[in-house]
*Asks:* 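Sending over a structure as structure tokens; questions will come in a sec.
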Amino acid sequence: MINCIDVIKVYHDPITNYKVAALRGLDLNIKEGELVSVIGPSGAGKTTLIKILAGIELPTSGQISVKGQRYDHLLEFERREFRFHNLGLINQFISDNLFSHLSVKQNLMIPKKMFYLPKEQARKDVEEIAKLLNLRHVYNNKVGKLSGGEAMRLSMGVALAKDPLILLADEPTGQLDTKNTQDLIDAMRQVNLTLGKTIVVVTHDIRFRTIFEKSFIIRDGRLAGISRDMERDELEFLMHSSDINRSYMDASNFVRVPDEVKATAAIKDIVEFDTHPSRKLGLFWNPEAISRDKIYEIISKPAKESEEKLEQITFKDVEHLLSRAFIPPAKKKKLIKIKNVTKGYHSQAGYNEVIKNMSLDIHEGDFVFISGPSGVGKTTLLNMIAGLLKPNDGFVNVMNYPISEEKEREISSFRLANIAYVSQHNNLFDPIMVHENFLIPSIFSDQEFDVEYSDSIAKECHIVHRLDAYPYELSEGEKQRAALASALSRKTKIILTDEPTANLDTELARHIIDLLMDIVRINKATVVTCSHDLTLLRPGFRHIEMLDGKISKDTRITKENLEKIVREYLLIKENNK
Amino acid sequence: MDGFSKRKLLPVLFCLLFLSTFIATSVNATDQNITIFLSDTGNDYVTRFSSSNVVDSEGKLHVFVKKNFENNTFVILHIFNNQMVEIYRSSFSYDNIFKAYMMDEQVVLLFSHAGSYYESIIMMFSWSETGSNYQQIYTSSSGFYSINIIAGNNYFNLLFKEQHASGTLITQVTAYLNGTLSEKLFILPMPSNELVSLHMLDGELFAFFDIYSYNESSYSSLRTLIIVGVTGSYSYYNSTILIIESGFDRAQLFVGEDGKFHLTILEFQLFYSVSFSVNDTINMESFQTINLGVYHYEKYRMISYQNTSFFLFVTSSFIEILDMSRYNPNFRSAKISIIEDDNQTISLFSFLIENVHFYSFYGDEDYVERVSITLFENRTYVASYPTLIESKTLDDYNFKSRTVMAINVQTNSNVELPTKAFLFDLVSYSDFVYFWMKYWYTVVIPVVIIGTIYLIFMKRINRGFVKLKKFLTRPIKPDVSTFKLVFINFWLFLTNIFSVIFSLWKANKKRLIISLLGLTILASIIFTSATLYDSKANNLIVEFARNADFGNNNSASARFNLDLMSLSESGTSLINPNITEQTLDEIMYGIQSKSQILPKLIDNYYYDIHTGVVGFQLSPYEEMTHLTYRGYMSNYSAVFGSFLTSGRLPASENEAILPSSAALAYNIELNDVLTINATSSPGDIDIDTIEIEIVGLFQQPSHNQIENACALLSLPSDPIKSLAYDHSLVVPMEYFLRNFENVTKYHLQIYGEMQFEYDFDDSDAQEITNLIEEVYLLREEGPYPLSSSSSGYWSIGYELIIEFTGIDIILSVSYLLFIFLSIPILYLALFLVFEVNELFGSSFEQEIKILRSKGVSTGTITFSYSMMKLFESLVSIALGFGLTMILLPILLKVNKFLTFNDQIYSLVLTSLPAFISLTFVILILLSIPRIIILARKDKKKVKPPKRWVQLLKQLLPYLLPFILISWGVGIFFIGYFFMIVFGGIFLFMPGFEQFVLIFYYSMGIGLMITLLGVGLLLKGVHKLLMFVISKLSWSARKSITSFSLVEVRADINLFNNTFLTYTILVGLLLPFIITPIKIQNQVTNQAYFYGGGDLYVNEWSMANVSLEEFQAEYAEIAKLANITQLAVSHGNANLNILLIEDPLNYLATSYKPSSNLYENWDQDIKSLQENNTMLVSTPFSIFYAAEEDSYTFLKEDETDVEFSISGVFDYFPIIYDVGDLEGAYSYSYDIVMSKANFLRIFDRFNILGISLDRLIVKLKPLTDHIELSKEIEDDYGFNVHSSEENADATLLQYFPFYSMIVAEFVFGIIICLAAVVFTSLSNPLKILQRRKVKHDSLKKIGISTRQIIIVSAIELFIAAIVPGLLLGALAGYGIERAFNSILIELAYDILPYAMPFPYVLVICLFFGIPLVFFGIYYLSMKRNFAKYQPRNLE
């Protein structure tokens, strides 16, 4: 259905003449009716892939065909036409999918109306979709009153309303909690199963790796691995229960196997069977075709190795991650105290709790790494520490300063003095040069600006050669480095970084982590960083995993568990060791 | 039942059909007018076109048409019985003889042409039922310059004359129908140039000579008319001789069927005719005479029947058209005057033929030949004449040329006419071919354009077609034919797309409301202004009409001229004294029948008649003198009575009054009897006389005296205005003609003027507008003949036209002003609409993004959103209309600056539909481009644009302002130029203002474009300035301020717009507020300066009321003062002395002039209390006091009295208002002193008179001045003036649209306020939208929300608001000055009345606006800050 061969996409900025390769020879093959995910961290080229698959952009080179149609040979309007008829796009943000002022029904009707269908037919179709996606109860509600999950399901419904062959979803669960994510996944499965649609979900949420039948892992613009849910794949026949799958036990406890089953499974006279210890499940198999061991293997082994030729990452490639360890502070002086913090937002749909009764202490000089899927509340937590948000309940105390209690102005000046916050985007002021950007905080704080120090930081951040450039002249990576340099040169006690390496390539991202570690060491600063790229972890880091607004795991990374985490994260097989 | 009605219906229908046919045919029968021959004039070959018609014995018409071409070829066609036959064609044209005759049951055409060897050939064509033939009847080697053709029963006598050595050689050729020919030669000894014509009577040849002789001894010329009978080749005799004076002209001789000579002469307008036999003696008394009514220059013709002769005159209409510049010499109507003489009575009848084509203006001598007339004894006629007709005027005929030449036949007899038009050299095309020939481009050009477009975009269009076909035939329903599917699919398309559009449109309520608000404001401004203007203008016209003083505007409503003549000695025709009454009745009837509106409006009329000149002799030895003999209506008796200085008004016939000055000049005394001739023709001295006794002498009144005297009696003064200019012998109207009653020989040209009394109470503006057009038409078609006198006529005067042209000009000027004023408001409203569009651009963008991600095409998106905007525009227009209807009654009531006590005007909505459509277009033009831009915004361009396109794109923003400015200025000046050019030409044309309006509009549009360009330029300059400032300040010092400036630079477009908004805002607010206040102030000050106090009464001493008593009467009166000014002479100086009874009281009562008019008012007036103190005017001070501080009043034999001069003034209220501020050089020597002081020295003056005696009243606050003045007037009966009322009157006089200007100001202010509020609301949103990321960064660094808000507010202040305010103030000042020069300085005297400085206004503008802005800005920013945070991208 979708076939990409050696797809390369290079973005070219005509002003700065800077070229960025988003896709670097991606091979992808998705068959009709498949439900697959494409997983990769930020900057891996996921969005570019979606855009190319949707025909919004053309690859720089390589072949791409959808439904046998070579995209790279089509004109813009032809691609649009193709998209109009064959593709359903689900964007990450609900606002990009739905007309927020319209009701569920109206939103579903719009694609139908765009196809100029008779009203009755459209209404019938739409009602079915609503039923399928469990949206009947909110059918006449405005989008603004829907919960995140409902809205995303509606987004899928709107995409489905066009009756496309393929659904392309870009980070559909990015804003959803686990429950809603699960609901959405179920809905997708349902759609895949009942309507036979090919569904491609592009995400960085590694949970998808095991959920769908096939997952393509991409990193740095290339296919890094295919994960196949083999059990699911092979046990799928269980999903189709019918009379032929049904056997009747007679009074003498003989079980009669339907002829059809017998024929398809090539069962001769004997079948073997066994029961699960739970006594809820029995299994029978053809002993002539499969041995007991093999069955055990199938059930126990999580995924089968892909037969396809892949550029496989070996552990060797990442082994050096373990080499540099962070030394946790010896003194356990509490720098940030978070006590029973609850944070939620009121929306038209109701109350949505992001952080749920969280308590957390962070010690001075520590390096805290918070991971977890999108929407679990990482950024909210960081914002609360920075005083940008106030908790609904509980309190946050930073350096003995009740940051959750004070007035906004006080907090701001406290933040100006003590906290450097670097986020994924939006850290630099465009109209002034990079080195001038470093000055901005000192302008507001009236503090002396340490030129030498900032220069050294700039050097460390590999940005010293671009100090006289304007931010818009920089690449995303350079921007990120400049932003970091700017933040770090402030010598603040607390450094908060939210996805600091999102736009950097793997190598540089890891270098930045090293730099942060240095800063902690030299400045006795405390770093709290949020990321879902687990390869950024280092031995000695405090790793807090969050799930649905709660801390699910709080561990100190050791070399051993880091290795396991990295292996798991990068799908490095044991036998490759 | 059905059957019954059907059965009944049929006969009824049949009857109706029959009836209508009958009516139609009977209508046709009376006056037929048919075009029977057409020829193309499009080519240059046709030079001449002539016709000759004859009616055969069966009453069928034969028309011969001769068509001459440029190459000398001519063609003769015979049109008869619905056939056209070419009967002759020759390439040697010689245009001399061409005439059809009816003789011996045959139709005969005689015509001539040149032969191939310089000879002349005369041809005869004859036609009868049995056949036709033509023959050459005569050939001559020389041309026949003078030929007389005399048709007999079956022959022609052709008579030629030639100059011969011994006189005149006459050739007589007799040509018979059967072809036989005889020729005779005669020689007469008289010169051939004196031979007028040749005739045959009873087979004998007669020559008619007109011989001119000059009598040197008596200095007079005489003409001898001789009829010479030619008896043989060389023998002749003088049959009849008549000697006439040189005043006669055009003597012609005819021979009638009665076998008699008919001699006719013209003298000016008089036609003389006499018939006599051979050898009869005639003299002037033998002639019968009739007035032809016009002076006739051309030859005329006689058609003779046994007992009756008809003389045919063809006169072109140019004499009657007064405006020669509009005259088309080739195309006019002709008047056929026919004098019928049956030897007993002579009478005149005439008819008109329209659009006769003459080849040149003066060249055609014989109009009578142009128009071929067959006249019958019963006065019926058939006239055929060349004309030009437009092809579209003829049904069923399509010609290529716009106009074609044709022969028109007009008849009042039932001659059998051809029923169809005949074509020669001309093709009548079928409708289809004609369309193609004429309007091919309407098809070809679109086809070429469409074809080219198709060729260029072939792929795309084909694709579209394929797509369309696919869509329309998609099998949406099973088992439905393709044909049906097309309709089903189309219907589905419509319902679905509009459902989407509508649901999207109404979904975003906030956006919808604000958008609608912006558009509605714009729509209602346009509607309100247009309707307001219409209403006011209409009401103004009506008011103007009602208040116009038609009776005293020195212009008559109508004029008439009667030519009363009776010169015959037999003297039966006495003067009919009722002729004026009959004339007036006829005029009124004429007006009634020729127009609809005018007769309704005429309530009454007055008139005046006079004869041009009347000779009178007091004694036979004295020379003739000329006086005007005038009649007055009895209504005016009292007026004349008031002018009488001695004697009485005439009470019976033969009595008259005379101006005393005339009496003095002519040495006439009261009761003298004048003998006057009954003629206004200077030559008629032998005419009857009448005797008139002068019974009264009157003082010749001045213009004003006449007006005043008439005003007292509520009579119009126009009819007797000329009394002021000429010496009139005046008699009551009833005796005017009765005085001449018994005279038998008279010649009176009587001129009359009518003055109508109009009643406009029930008319509206539309009616008045129509009236003017009607009057124009009446004027144009006039003058109209009068039945009461043969050459009498009447015409409508210019009065109404002149009067209403005045209002036209006022309206036009107001329109100009109005448009210029509305430009800035519109500009601002447009700006608001743009702002709204921009503000919601992002929400549209979002929606478009959603649709785009679904794969919806740009076309569909554009279509949908454009339709949405269409909806919006429609709704806005509806709302705007509603709003207008609510606002208008209030705005119509505005009469002064924000006072609402005007009478309610009626709403006039005539131009509203036009403005609604215009606004609709504007709104769409404003909204849709933005949508198109948005819809196409994300469209990825695969190829980068070409370099020059890129360059152009980069340059355009810089060039655009200059391009716009040059366009705007260009359009403005083109409009201005044409307005000046055409304005001058068409100033007095009806519909002038509509015409000039186009130029006003183009000027307005030009100005608007210029302003747009200037706005953009300002933006550019601002951008550049901010760029430089921010660069400099940032490099100089890194601080929050310099950082802010850098930020401003980054978002310069945002600040730019705000800057521009505030510039416009203040630029408008200043003049909007100041100008009306200033006008009001100026007018009020002026009124007070002239009046001297709140109320004043002139000639107070005449009122005989004591001050105390008067004051006690009215509680509202605060103070009273009486001042008197005396005109005195002192030595050789003429002085004016203003006396003040009690200076302190005066000070408290009088209006206090502002300090720039009078510096130390209080002090100076107080100083008058002191002994021997006075104030003097600057001229007095300079010329008499030698600029010393004192002046000595001298008198012989008395001690000198020295007065100290405590003050010198340039301007003093009431008495003195002219002069230059610096060193006044008006030569008015004024002194102001107290009465007590004056009494000390009064004997030193020679008092010439009292020039002023005024009571000044100061009223208590809160008194209604106007009401009180009316109350006093009612109580005491004297005229009380209120300065306030005077101010109001002035205001209305100079600014009929003042209230409209105020309304516009009010509107402008509302809009400005709305703009302030709106920008205060929209700016934070825009800033938040645009700086989402920046604010996030700042927050993360540790900058508080408050600080961010304040910093951006400061940024706005520094970068946008303060410069905007300053520049706006500058612009506002400029506009205000400009208004000043247009509105104030031009309309008023130049006195610089002080304008109170509008502190409140300035404070409001410069502190209020920023404060309002900041308040709203801060709140809005704070409220919305949290909403505009960057999305969490992970």
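Hydrogens, waters and symmetry mates play no part in the numbers below; they use all other heavy atoms, side chains included. So that the names make sense, note that chain A is the first sequence line, chain B the second, and so on, each numbered from 1.
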*Asks:* Heavy-atom cut-off 4.5 Å, strictly under: side chain, backbone, both or neither for B:Phe1043 against chain A?
*Replies:* side chain
*Asks:* Do NZ/NE/NH1/NH2 and the carboxylate oxygens of B:Arg463 and A:Glu78 come within less than 4.0 Å?
*Replies:* no
*Asks:* Going from CD1 on A:Ile411 to OG on B:Ser1344, what distance comes out if it is rounded to the nearest 0.5 angstrom?
*Replies:* 10.5 Å
*Asks:* Could you tell me which portion of B:Arg1049 (side chain, backbone, both or neither) has an atom closer than 4.5 angstrom to a non-hydrogen atom of chain A?
*Replies:* side chain
*Asks:* Which atoms of B:Ser1030 are under 4.5 Å from chain A, going by heavy atoms: the side chain, the backbone, both sets, or neither?
*Replies:* neither
*Asks:* Could you check whether any side-chain heavy atom of A:Lys113 comes within less than 4.5 Å of a side-chain heavy atom of B:Ile497, counting everything from C-beta outward?
*Replies:* no
*Asks:* Enter the distance from B:Gln846:CD to A:Ser95:OG here, rounded to the nearest 0.5 Å.
*Replies:* 4.5 Å
*Asks:* Strictly by modelled atom types, are B:Thr1345 and A:Glu408 linked by a side-chain donor-acceptor pair under 3.5 Å?
*Replies:* yes
*Asks:* Report yes or no: does A:Asp96 contribute a side-chain atom to a donor-acceptor pair with the main-chain N or O of B:Ile850 at less than 3.5 Å?
*Replies:* no
*Asks:* Examine whether an atom of B:Ser853 lies under 4.5 Å from a heavy atom of chain A, and if so say whether it belongs to the side chain, the backbone or both; otherwise answer neither.
*Replies:* both
*Asks:* Need one label for B:Leu1338: side chain, backbone, both or neither, based on atoms under 4.5 Å from any heavy atom in chain A.
*Replies:* both
*Asks:* Tell me the closest heavy-atom pair linking A:Gln106 and B:Ser503, and the distance in Å.
*Replies:* NE2-CB, 4.2 Å
*Asks:* Among A:Tyr116, A:Phe84, A:Phe414, single out the residue with the greatest number of heavy-atom pairs under 4.5 Å to chain B.
*Replies:* A:Tyr116
*Asks:* Tell me, for B:Lys467 versus chain A, whether the close heavy atoms (under 4.5 Å) come from the side chain, the backbone, both or neither.
*Replies:* side chain
*Asks:* In the structure I gave you, are the side-chain heavy atoms of B:Val1046 and A:Pro431 within less than 4.5 Å of one another anywhere?
*Replies:* yes
*Asks:* Nearest 0.5 angstrom please: A:Leu382 CG to B:Lys1340 NZ, how far?
*Replies:* 9.0 Å
*Asks:* Under 4.5 Å, counting heavy-atom pairs only, tell me which of A:Gln121, A:Arg83, A:Lys142 racks up the most with chain B.
*Replies:* A:Arg83
*Asks:* To the nearest 0.5 Å, what is the distance between OG (B:Ser499) and NZ (A:Lys112)?
*Replies:* 14.0 Å
*Asks:* With chain B, which of A:His85, A:Arg415, A:Lys119 has the greatest number of heavy-atom pairs at distances under 4.5 Å?
*Replies:* A:Arg415
*Asks:* Looking at side-chain heavy atoms only, is the closest gap between B:Ile476 and A:Pro118 below 4.5 Å?
*Replies:* yes
*Asks:* Give, as side chain, backbone, both or neither, the part of A:Glu81 having an atom under 4.5 angstrom from any heavy atom of chain B.
*Replies:* side chain
*Asks:* Quick check for you: among A:Leu98, A:Ile419, A:Asp430, which has the greatest number of heavy-atom pairs under 4.5 Å with chain B?
*Replies:* A:Leu98
*Asks:* For the interface with chain B, which of A:Asn383, A:Asn97, A:Asn418, A:Leu87 has the highest count of heavy-atom pairs at distances below 4.5 Å?
*Replies:* A:Asn97
*Asks:* How many angstroms lie between NZ in B:Lys854 and CD1 in A:Ile110, if you round to the nearest 0.5 Å?
*Replies:* 8.0 Å
*Asks:* Can you tell me which portion of A:Phe429 sits under 4.5 Å from chain B's heavy atoms? Options are side chain, backbone, both or neither.
*Replies:* side chain
*Asks:* Tell me, do B:Lys1038 and A:Glu436 make a side-chain contact under 4.5 Å, heavy atoms counted?
*Replies:* yes
*Asks:* To the closest 0.5 Å, what do you measure between CG (B:Leu492) and CG (A:Leu117)?
*Replies:* 7.5 Å
*Asks:* Given that the side chain runs from C-beta out, which part of B:Trp491 has a heavy atom under 4.5 Å from chain A: side chain, backbone, both or neither?
*Replies:* neither
